[in-house]
2 protein chains.
Amino acid sequence: MSAISITAILQAKPGKEQLLYQELVKAVTPSRSEEGCIKYVLHQSIENKAVFVFYEIWKDEESINFHIETDHYKQFRRNIEGLIESRQVYRLQEVDS
Amino acid sequence: MSAISITAILQAKPGKEQLLYQELVKAVTPSRSEEGCIKYVLHQSIENKAVFVFYEIWKDEESINFHIETDHYKQFRRNIEGLIESRQVYRLQEVDS
């Protein structure tokens, strides 16, 4: 089973940018500490400060399933629920070229 | 001037998935060969084979401006024009956490 990349794009509700920023930053360290996490990078859009993008690489499907069942991830999702306007998540396979 | 990351999400028109795939793969090697290119990775969605995501890291703004003026990039944009349903590009700064 090959590695799985995830791109997640989150947009803050108007006025919630800073709160969302803080919650997203909090999610990085515990996620990176998980055994199946290869890469976990948070970005903020240069053109629209309300837009944030995670780029993640996980060892396999099992690692992602473990991740989304962790207490820290569940708490994260609860914390951001009222702060986000939209959330798009893409599960990806890297194309060898 | 710090590095700039780019996430680009492209969706193929129905029936154009394979043609778009070929054009996207062709874009990787010449882009990676550019001096300002730190990372240039193509992905395909696991859930929707018509969706492709580039994750790129460029040394600085100048490197991106150089990239979009190259012959290979201009040809790439012409080649994919009739193949794509949508194209979203996010210019991003990595958040230190």
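Everything quoted here is computed from the prediction, not taken from an experiment. Naming: A, B, ... by sequence-line order, numbering from 1 per chain.
Atom CD of E62(B) has 12 or fewer heavy atoms from other residues, nucleotides or ligands within 6.0 Å. Heavy atoms from other residues, nucleotides or ligands lying under 6.0 Å from CZ of F66(A) number 12 at most.
Summarising the geometry, atom CG belonging to L42(A) is positioned 12.0 Å from atom CD belonging to Q93(B); distances are rounded to the nearest 0.5 Å.
Taking 4.5 Å as the limit, some side-chain heavy atom of Y90(A) sits within range of a side-chain heavy atom of I9(B).
For T7(A), the part lying near chain B is the side chain, with the backbone staying farther off; criterion is any non-hydrogen pair under 4.5 Å. There is no contact between L24(A) and chain B, counting heavy-atom distances below 4.5 Å. Looking at Y21(B), only its side chain comes within 4.5 Å of chain A, counting heavy atoms on both sides.
Listed by sequence position, the residues of residues 75-87 of chain A in contact with chain B number zero, using a 4.5 angstrom heavy-atom cutoff.
The shortest non-hydrogen separation linking V95(A) to Q44(B) is CG2-N, 3.8 Å. Taking all atoms of both residues into account, the shortest heavy-atom contact from H43(A) to E94(B) is CD2-CA, 4.0 Å.
Taken together through direct or relayed side-chain contacts under 4.5 Å among Ile, Leu, Val, Met, Phe, Trp and Tyr, I64(A) and Y55(A) form parts of separate hydrophobic clusters. W58(A) and V28(A) fall within the same hydrophobic cluster, defined by Ile, Leu, Val, Met, Phe, Trp and Tyr side-chain heavy atoms under 4.5 Å apart, directly or through other members. Following chains of ILVMFWY side-chain contacts shorter than 4.5 Å, one can reach L19(A) starting from V25(A), so the two form part of one hydrophobic cluster. V53(B) and V89(B) end up in different hydrophobic clusters when Ile, Leu, Val, Met, Phe, Trp and Tyr side chains are linked at under 4.5 Å. There is no path of hydrophobic side-chain contacts, each under 4.5 Å, that joins I68(B) to L92(B).
Contacts with chain A were tallied for E47(B), K26(B), R91(B); R91(B) has the most, counting heavy-atom pairs under 4.5 Å.
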